[in-house]
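Working notes, structure below.
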There are 2 protein chains.
Amino acid sequence: MKPCDTHDTGTCQRISEMLSRIGDKWTLLVVRALGRGPRRFSALRRELGSISQKMLTRTLRNLERDGLVIRTVTPTTPPQVEYALTTMGEDLFGPIAALADWTITHADCIDAARAAYDGREASIQRAA
Amino acid sequence: MKPCDTHDTGTCQRISEMLSRIGDKWTLLVVRALGRGPRRFSALRRELGSISQKMLTRTLRNLERDGLVIRTVTPTTPPQVEYALTTMGEDLFGPIAALADWTITHADCIDAARAAYDGREASIQRAA
DNA sequence: CCGCATCCTCCCCGATACTG
DNA sequence: CAGTATCGGGGAGGATGCGG
């Protein structure tokens, strides 16, 4: 493939911005959870385990702002708020799956590279 | 497509880790530059413009540790250090291109969603 | 030329407490 | 149940200076 089809620097920054969003601590997990179907706030919280309310709220807000998630409020008491992926949000699974496949197929190779690198580091320490 | 083929949570974290790496401030730009061919440290520095030495060094070290980039030192005076993508590093362009395409094709949609969201925010401010 | 060490700043994120 | 407000630690990242 052409190695430089990531286009101009401006577009590259845009892509980087998206990668930062998806690559932050919780977004991918939230998107994955919502990929299995709409969820209420607390359901997401339980499903993700260790996330704080603040970060779940922030993550969902960001996703909502980018049009990847839609937020539906039912003003009852107690209130019900449901989150669901938009079509655009579901489209994200395609590219993510590509990255996921790459990661999985190269995981061993990466681990080996890290072990080799860290081993070299350690031997440098010993030499000193 | 199946929306939940991002596998188990452990694998998901692994993918997230990779996304964080690629999604950090400089990695994608560095990889893209190296995709056009091997580069020396200073050449990368000039090409990327505003990156500090510290961050360029750190970024390259991380890539090297993960086996995506190889570092070749020629011990002359002054020393020459050349960086190049490994095969695994070049393989990354496939998945990245998928994400890049998604980002480009959805850029307008994201901008519209953000404008709508921010517009709503502003009107809430006025209402208060 | 390459890269490490130091200092400083800002923001991410968690913990906690409080509203409707 | 859903969300906001506040505080605090820690890491990312820039600027500068030194060393090989």
Side-chain angles (χ1 to χ4, degrees), chain A residues 13 16-30 33-34 38-66 69-84 117 120-121 124-125 127-128, chain B residues 13 16-30 33-34 38-66 69-84 117 120-121 124-125 127-128:
Chain A
Q13 285 173 355
S16 203
E17 178 197 349
M18 196 60 216
L19 281 163
S20 297
R21 173 126 334 261
I22 303 295
D24 76 1
K25 193 169 182 182
W26 296 107
T27 299
L28 185 58
L29 286 165
V30 169
L34 290 177
R39 294 283 192 279
R40 290 181 50 189
F41 188 89
S42 293
L44 279 172
R45 189 150 158 53
R46 275 191 303 274
E47 197 165 345
L48 299 182
S50 55
I51 191 172
S52 64
Q53 321 88 307
K54 187 173 84 170
M55 289 316 296
L56 181 53
T57 300
R58 183 183 295 182
T59 302
L60 288 167
R61 286 289 182 281
N62 286 335
L63 288 169
E64 188 193 0
R65 188 172 110 92
D66 285 351
V69 156
I70 187 167
R71 178 171 176 270
T72 310
V73 183
T74 311
T76 59
T77 47
Q80 309 252 335
V81 182
E82 197 175 70
Y83 294 89
Y117 185 93
R120 248 182 300 144
E121 289 298 292
I124 291 171
Q125 295 302 322
Chain B
Q13 285 173 354
S16 202
E17 178 197 348
M18 198 60 215
L19 280 163
S20 298
R21 164 102 331 133
I22 303 294
D24 75 2
K25 193 170 182 181
W26 297 108
T27 300
L28 185 59
L29 286 166
V30 169
L34 290 178
R39 293 282 190 280
R40 290 182 50 191
F41 187 89
S42 293
L44 279 172
R45 191 148 156 52
R46 275 191 303 274
E47 197 165 346
L48 300 182
S50 54
I51 191 172
S52 64
Q53 319 90 307
K54 187 173 86 170
M55 289 316 296
L56 180 53
T57 300
R58 183 184 298 181
T59 302
L60 287 167
R61 285 290 180 282
N62 286 335
L63 288 169
E64 188 193 1
R65 187 172 111 92
D66 285 352
V69 156
I70 187 166
R71 179 172 178 269
T72 311
V73 183
T74 311
T76 58
T77 48
Q80 310 251 337
V81 182
E82 198 174 67
Y83 294 90
Y117 185 93
R120 249 183 300 145
E121 289 298 291
I124 291 169
Q125 295 302 320

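Below, chains carry the letters A, B, ... as their sequence lines are ordered, and counting in each starts from 1.
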What is the distance from atom CG of B:D66 to atom CZ of B:R21, rounded to the nearest 0.5 Å? 5.5 Å
Taking atom C1' of C:dC1 as reference, at what distance in whole Å does atom CZ of B:R71 sit? 12 Å
Spacing between A:E82 atom CD and D:dC1 atom P, to the nearest angstrom: 15 Å
Find the distance between CG (B:L19) and CE (A:M18) and round it off to the nearest 0.5 Å. 10.0 Å
Between A:R39 (CZ) and D:dC1 (P), how many Å, whole number? 16 Å
The test is side-chain contact (heavy atoms from CB on, under 4.5 Å); show your working for B:V30 and B:L63 and say whether it passes. CA-CA 9 Å; B:V30 169; B:L63 288 169; 3.9 Å; yes
Which is true for A:R61 with a 4.0 Å heavy-atom rule: it touches a base, it touches only sugar-phosphate, or it touches nothing? sugar-phosphate
Nearest 0.5 Å please: distance from the CZ atom of B:R120 over to the CZ atom of A:R65. 11.0 Å
Looking at D:dA2, I'd like to know if its phosphate oxygens (OP1 or OP2) sit under 4.0 Å from a side-chain N or O belonging to A:T57. no
Interatomic distance, CD@B:E47 vs CG@B:L34, rounded to 0.5 Å, equals 8.0 Å
Between the two ends of the helix from C:dC1-D:dG20 to C:dG20-D:dC1, what is the bend in degrees, rounded to 10 degrees, where each end axis spans five pairs? 30°
Pair up each side-chain donor or acceptor in residues 48-61 of chain A with any protein partner under 3.5 Å, not counting sequence neighbours, and list the distances.
from  : atom 1 : to    : atom 2 : distance (Å)
A:S52 : OG     : A:M55 : N      : 3.3
A:T57 : OG1    : A:Q53 : O      : 2.9
A:T59 : OG1    : A:M55 : O      : 2.7

Minimum heavy-atom separation for A:R71 and A:V73, please, with both atom names. NH1-CG2, 3.6 Å
In whole angstroms, how far is the P atom of C:dC2 from the CG atom of B:L48? 14 Å
Tell me: CG of A:L56 to C1' of D:dG3, nearest whole Å? 11 Å
For C:dC1, does either OP1 or OP2 sit under 4.0 Å from a side-chain N or O belonging to B:R40? no
I need a per-nucleotide contact map over nucleotides 12-20 of chain D, read 5' to 3'. Cutoff is protein heavy atoms under 4.0 Å; write B for the base, S for backbone only, - otherwise. SBBBB---B
Just the rounded figure in Å: distance from P of D:dA2 to CD of A:E64. 15 Å
Starting from P on C:dC2, measure out to CG on B:L60 and report it in whole angstrom. 11 Å
Could you grab the distance from atom CG of A:D24 to atom OG of B:S16, nearest 0.5 Å is fine? 7.5 Å
Just how far is it from atom OG1 of A:T72 to atom CD of A:Q80, taken to the nearest 0.5 Å? 11.5 Å
When rounded to whole Å, the OH to C1' distance for the pair A:Y83 and D:dA2 reads 7 Å
